[in-house]
Amino acid sequence: MIKLDFEIKVLLITFAISIICGLITIPILKRLKIGQIERDDGPASHLKKQGTPTMGGIIMIIASVISVTGTYIFLKIIGNENLGREILPLLLITIGFGVIGFIDDLKKLVLKNTEGLKPSYKMLGLLLIAVAYVLFLTQGLKIGTETYIPFIKTYINIPFYVYVPLAILVILGTTNAVNLTDGVDGLSSSVSVIIVTCLVVIGVTNQIYEVSIFGSIVVGAILGFLIFNLHPAKVIMGDTGSLMLGGVISGIALYLKMPLLLLLIAIIPVLETLSVIMQVAYFKKTGNRIFKMAPLHHHFELSGWKENKVVVVFSLVTLVMCFIGLKVI
């Protein structure tokens, strides 16, 4: 059995590794002139971000890989190799989505292809990884298709042919939702670290140690990255980071058999996505806009909120919803 102090230790170690990675990576990104490209039609305050080093999600990925590798070696030494092996699938989905985001960022920022990875190719890549992960969970790990229903506090068995597309939809929806949330310094990382922490608590409570350990590693990686990402950001995560975080959140939620819980604890990414859908649909129908700008965080910015206020309020909302989520399971 792994005690909680183990999770705390790997979190702190990964936090330190993430900071070191940031100190090494950010100057390299600057030297390579891999800088943020701001939209002309976005909030005017964002134009000053032009040129800020981006693709910083690689900091979290490298820190997570190093820490998971070290954890696996340590667990193997103490005779708990099986637990170490069970962490690897969660790392693989994290790396997989991060790589898709990295390729997109690479094309946009290094190869100067403003469109980046074609949407169809990007979605295909995400889809392939999502399918592979869901099939691995159901066929490889044999975790079944049981899904927990919050509030009712019970599990239901979903037919395999229904569960697979739903689980894939959860992964694709979550990754894109977290991606949409990344538009203000420190917002996506702050919201994500609270959500992942909530999932870690569930892992500890249910003694699913591969989740609690891996989640703690990711929390440490995000916190280290946040030191450089808070306003005014010294580095921006880019699609490399946002897709990686979406993969982590959805991957853990499915592993815990609690994807429906994301409707509560990931309420901010959900609302960000809904704001875009509503804005587009309403504009096509009426020619008018519901929000001053979508996603939702831009609406509040254009309403006079400073970036730090957006981050604090959205993070507090996430925190409250996570407490509610823990209460209803």
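Any value given below was found using the heavy atoms of this structure, including those in side chains, with hydrogens, waters and symmetry copies removed. If you read the sequence from its start, that first residue is 1, and numbering goes on from there.
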| query | Given Ile208 and Leu256, is the side chain to side chain contact (heavy atoms under 4.5 Å, CB included) satisfied, shown in steps? | reply | CA-CA 8 Å; Ile208 305 175; Leu256 290 170; 3.5 Å; yes

| field | Atom pair OG/CD1 of Ser67 and Ile217 - distance to nearest 0.5 Å | value | 4.0 Å

| Looking at side-chain heavy atoms only, is the closest gap between Asn176 and Met123 below 4.5 Å? | yes

| Backbone of Ile290 reached by a side-chain donor or acceptor of Gln279 within 3.5 Å | yes

| said: One pair to check against side chain to side chain contact (heavy atoms under 4.5 Å, CB included): Ile227 and Phe15. What are the steps and the verdict? | reply: CA-CA 10 Å; Ile227 288 182; Phe15 174 66; 3.6 Å; yes

| Sidechain-backbone polar pair: Lys285 side chain, Tyr282 backbone, donor-acceptor under 3.5 Å | no

| Between the side chain of Asp185 and the main-chain N/O of Glu307, is any donor-acceptor distance below 3.5 Å? | no

| Polar side-chain atom of Ser18 near backbone of Phe225 as donor-acceptor pair, under 3.5 Å | yes

| note | Smallest heavy-atom separation, Tyr133 atom then Ile171 atom, equals CD2-CD1, 3.9 Å

| said: Take a 6.0 Å sphere around OH of Tyr155 and say whether it holds more than 12 heavy atoms from other residues, nucleotides or ligands. | reply: yes

| query | Going only through I, L, V, M, F, W and Y residues with side-chain contacts under 4.5 Å, is there a path from Leu180 to Met237? | reply | no

| Same cluster for Leu271 and Val310 if Ile/Leu/Val/Met/Phe/Trp/Tyr side chains link at under 4.5 Å? | yes

| message | Quick check against the 3.5 Å criterion: does Thr240 have a side-chain atom that pairs as donor or acceptor with the backbone of Gly98? | response | no

| said: Any heavy-atom pair between the side chains of Arg31 and Ile28 that's under 4.5 Å? | reply: yes

| query | If you round to the nearest 0.5 Å, how far is CD of Glu146 from NZ of Lys257? | reply | 4.5 Å

| field | Flag, side chain of His299 to backbone of Lys292, donor-acceptor distance under 3.5 Å | value | yes

| task | Answer yes if Ile267 and Phe323 sit in the same cluster of Ile, Leu, Val, Met, Phe, Trp and Tyr residues linked by side chain heavy atoms under 4.5 Å apart, and no otherwise. | result | yes

| message | I'd like to check Phe160 versus Gln139 (side-chain heavy atoms, cut-off strictly below 4.5 Å). Are they in contact? | response | yes

| query | Is there a donor-acceptor contact under 3.5 Å linking the side chains of Tyr72 and Glu81? | reply | yes

| query | Just by distance, with hydrogens left out, do Asp239 and Asn179 show a side-chain donor and acceptor under 3.5 Å apart? | reply | yes

| query | Taking atom CZ of Arg85 as the centre, does the number of heavy atoms from other residues, nucleotides or ligands within less than 6.0 Å exceed 12? | reply | yes

| message | Run Met60 and Ile222 through side chain to side chain contact (heavy atoms under 4.5 Å, CB included) and show every step you take. | response | CA-CA 6 Å; Met60 293 183 283; Ile222 301 172; 3.9 Å; yes

| remark: Between Glu7 and Ser212 the two heavy atoms that sit nearest each other are OE2-OG, 2.5 Å

| Quick one: CG on Leu75 to CG on Leu83, what's the gap to the nearest 0.5 Å? | 5.0 Å

| request: Please confirm whether Phe74 and Phe6 have ring centers closer than 6.0 angstrom. | output: yes

| message | Would you compute the distance between atom CE of Met244 and atom OG of Ser64 and round it to the nearest 0.5 angstrom? | response | 4.0 Å

| said: With a 3.5 Å distance limit and no angle check, can you tell me whether Ser275 reaches the backbone of Pro295 through a side-chain donor-acceptor pair? | reply: no

| field | Trace of the side chain to side chain donor-acceptor pair (under 3.5 Å) decision for Tyr255 with Glu210 | value | CA-CA 10 Å; Tyr255 201 102; Glu210 58 268 38; 2.7 Å; yes

| query | Heavy-atom distance under 4.5 Å between the side chains of Phe228 and Ile26, does that happen here? | reply | yes

| task | Report yes or no: does Asp182 contribute a side-chain atom to a donor-acceptor pair with the main-chain N or O of Ser188 at less than 3.5 Å? | result | no

| said: Restricting to non-hydrogen atoms, name the atom on Thr273 and the atom on Ala177 that form the minimum distance, rounded to 0.1 Å. | reply: OG1-CB, 3.2 Å

| query | Taking atom OH of Tyr148 and atom OG1 of Thr154, what is their separation to the nearest 0.5 Å? | reply | 7.5 Å

| task | Is it possible for you to say whether Leu260 and Ile152 belong to one hydrophobic cluster, with membership spreading through side-chain heavy-atom contacts below 4.5 Å? | result | yes

| Is there a donor-acceptor pair under 3.5 Å between the side chain of Glu272 and the backbone N or O of Leu296? | yes

| request: Specify the closest pair of heavy atoms between Leu90 and Thr94, including all atoms of both residues, with the distance to one decimal. | output: O-OG1, 2.8 Å

| task | Please say whether more than 12 non-hydrogen atoms of neighbouring residues, nucleotides or ligands are located less than 6.0 Å from NZ in Lys122. | result | yes

| query | Taking it one step at a time, do Tyr209 and Asn80 satisfy side chain to side chain contact (heavy atoms under 4.5 Å, CB included)? | reply | CA-CA 11 Å; Tyr209 296 114; Asn80 208 340; over 6 Å; no

| request: State, yes or no, whether a side-chain contact exists between Ser190 and Ile194 at a heavy-atom distance under 4.5 Å. | output: no

| said: With rounding to the nearest 0.5 angstrom, report the SG to CG distance, Cys198 to Leu326. | reply: 4.0 Å

| Would Val193 and Leu316 show up in the same hydrophobic cluster when neighbours are defined by side-chain heavy atoms closer than 4.5 Å? | no

| query | Taking all non-hydrogen atoms of both residues, which atom of Ala130 and which atom of Leu172 are closest, and how far apart? | reply | CB-CD2, 4.4 Å

| request: Would you name the heavy atoms of Met321 and Ile265 that are closest together and state the gap between them? | output: O-CG2, 4.0 Å

| Side chains of Ile62 and Ile17: does their closest heavy-atom pair fall under 4.5 Å? | no

| Minimum side-chain heavy-atom gap Val313-Trp305 below 4.5 Å | yes

| request: Quick one: do Ser250 and Thr174 satisfy side chain to side chain donor-acceptor pair (under 3.5 Å)? Show the steps, please. | output: CA-CA 6 Å; Ser250 56; Thr174 305; 4.7 Å; no

| field | Any Thr54 side-chain heavy atom under 4.5 Å of Val235 side chain | value | no

